[in-house]
Structures are given as C-alpha cells and as structure tokens.
> 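The structure is given below, and queries will be raised subsequently.
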Amino acid sequence: MRALLIVDLQNDFCPGGALAVPDGDKIVPVINSIMDKFDLVVSSQDWHPDEGEHFKKWPPHCLQNTRGGDFHPDLRSDKIDIKLLKGTDGSDTGYSAFEATNIDLVKLLKEKNIDKLYITGLATEYCVKATAIDAAKNGFDTYLIVDATKGLDEEKSRKTIEELEKIGVKPVVSTEIL
Ligand code: VGL
C-alpha cells in the first residue's frame, strides 16, 4: 500500500506569501494529477502560534487559522484523507511531518499497512528534507517526487536530493507513477 505525503503546500510558502518559495505554486497541478493513484493521501501544515523560537529564525508564517496557513486554493484538498499539524507550540521544531502534534504518523501509516511513501511539497531543503529523512529512518520505502517539490534555493535543493539519495530515498518523476 502506498501513501502520498503533501508537505506544507500552504499560501505562505507560495508566491505572495510570508515565506514564499519561488514557483512554489507550480507544483500544485502536478500533485493534483497524481492524488488519485494512492491508497492514502496525507498532508502536513505548519500551524504556528503568533510568537516563539521558530520566528526568531524565520519571518512569521502559517499562523493558526489564517489564510497564510491554509492550503493553496487550487490544491484538491477534499482528496486529503489525513491532515497533520506541526510546529504548534512555538518552539523551533516541527520541520518534519513525523513531528506532527495532532497525529502519530508512524502509527497511522503502520495501521493502514502503508509501506511506500511518496513525498511532495515545500520546501525541498527544509520540511521536505526533514520529512524524507524521518520516513527513511522509520523503515518506509521512501520516494521523493522531484517535480512535485520546490525549494527556497535551487542549488541547496539540488544538493538535498543528492543527500537524500545517499540515505536511500529514491528520486522519481510524477509521470513514472502509474
Ligand atoms: C519551512 C522554513 C521554515 C518548510 C517551514 O515548510 O520547508 N521552511 N518553516
């Protein structure tokens, strides 16, 4: 059984948002086009209180119950089975979707017999990277859909994909997913 994981495809990480990833919105149609191919679709959202350690490093973004924290409006969010929230306590944690505070992701995936995890979303060199590392560490067969992720910095994102490959995360393109 395989799951699609959509990391932080939120307004604040898209052009016009508080911590915008260049062309972050361009991956939305790619993700929309593959959502029906998975047994389970899981999303993560940064869901921050309005102050805390995290905002000493980053401009305030993805505040709880704000438009910036909402999914990009074009994402087919009605197709998401499980919505994870992370970074909810203001500390500088919660880069990885496995640190979600409302759901234990490992337990959920095991209960649903998911062995393959396909990771997409924003931003490649931060939350996507942290999520992929945790997925591999927890023994999932982990894929990164490279045309369904974007980073804040192109060069750092390219290096991230190489680093992830070294720990066993497999880069794939969306059209390879049948
Ligand atoms: C992210 C920086 C700060 C991300 C979140 O979603 O990749 N990056 N907070």
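For this chain, numbers begin at 1 and follow the sequence in order. Just so you know, ligand 1 is whichever comes first in the structure, and atom 1 is the first atom listed for that ligand. Side chains are part of it too, since the values below use all heavy atoms of this structure and drop only hydrogens, waters and symmetry mates.
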> Among the clusters formed by ILVMFWY side chains lying less than 4.5 Å apart, do Tyr95 and Leu117 turn up in the same one?
no
> Applying side-chain contact (heavy atoms from CB on, under 4.5 Å) between Lys79 and each of Val41, Asp36, Ile6, Leu4, report the one that passes.
Asp36
> Quick one: look up the protein heavy atom nearest atom 8 (N) of ligand 1 and list residue, atom name and how far away it is.
Tyr126 CB, 3.6 Å
> Would the distance check show the side chain of Gln10 and the main-chain N or O of Gly69 forming a donor-acceptor pair, the cut-off being under 3.5 Å?
yes
> Less than 3.5 Å between some nitrogen or oxygen of Val128 and one of ligand 1, yes or no?
no
> With a cut-off of 4.0 Å, which atoms of ligand 1 are near a heavy atom of Ala123?
4 (C), 6 (O), 7 (O)
> For the 3.5 Å polar cut-off, considering only N or O atoms, please tell me whether His48 and ligand 1 meet it.
no
> Hey, are Asp115 and Arg2 close enough for a salt bridge, meaning a charged N less than 4.0 Å from a carboxylate O?
no
> Who's the nearest protein heavy-atom neighbour of atom 5 (C) of ligand 1, and how far?
Asp46 OD2, 3.2 Å
> Between Asp153 and Lys156, does any NZ, NE, NH1 or NH2 come within less than 4.0 Å of an OD or OE carboxylate oxygen?
no
> Give a yes or no on whether Leu5 and Ile31 share a hydrophobic cluster (residues Ile, Leu, Val, Met, Phe, Trp, Tyr; joining criterion: side-chain heavy atoms under 4.5 Å apart).
no
> Flag the pair Arg158 and Glu154 as a salt bridge only when some basic side-chain nitrogen lies within less than 4.0 angstrom of an acidic carboxylate oxygen.
no
> Any idea which atoms of ligand 1 are less than 4.0 Å away from a heavy-atom of Asp8?
4 (C), 6 (O)
> Any nitrogen or oxygen of Cys127, main chain or side chain, under 3.5 Å from a nitrogen or oxygen of ligand 1?
yes
> Which atoms of ligand 1 are found less than 4.0 Å from any heavy atom of His61?
3 (C), 9 (N)
> What part of His54 sits under 4.0 Å from ligand 1 if we count only heavy atoms: the side chain, the backbone, both or neither?
side chain
> May I ask whether Lys129 places a heavy atom under 4.0 Å from ligand 1?
no
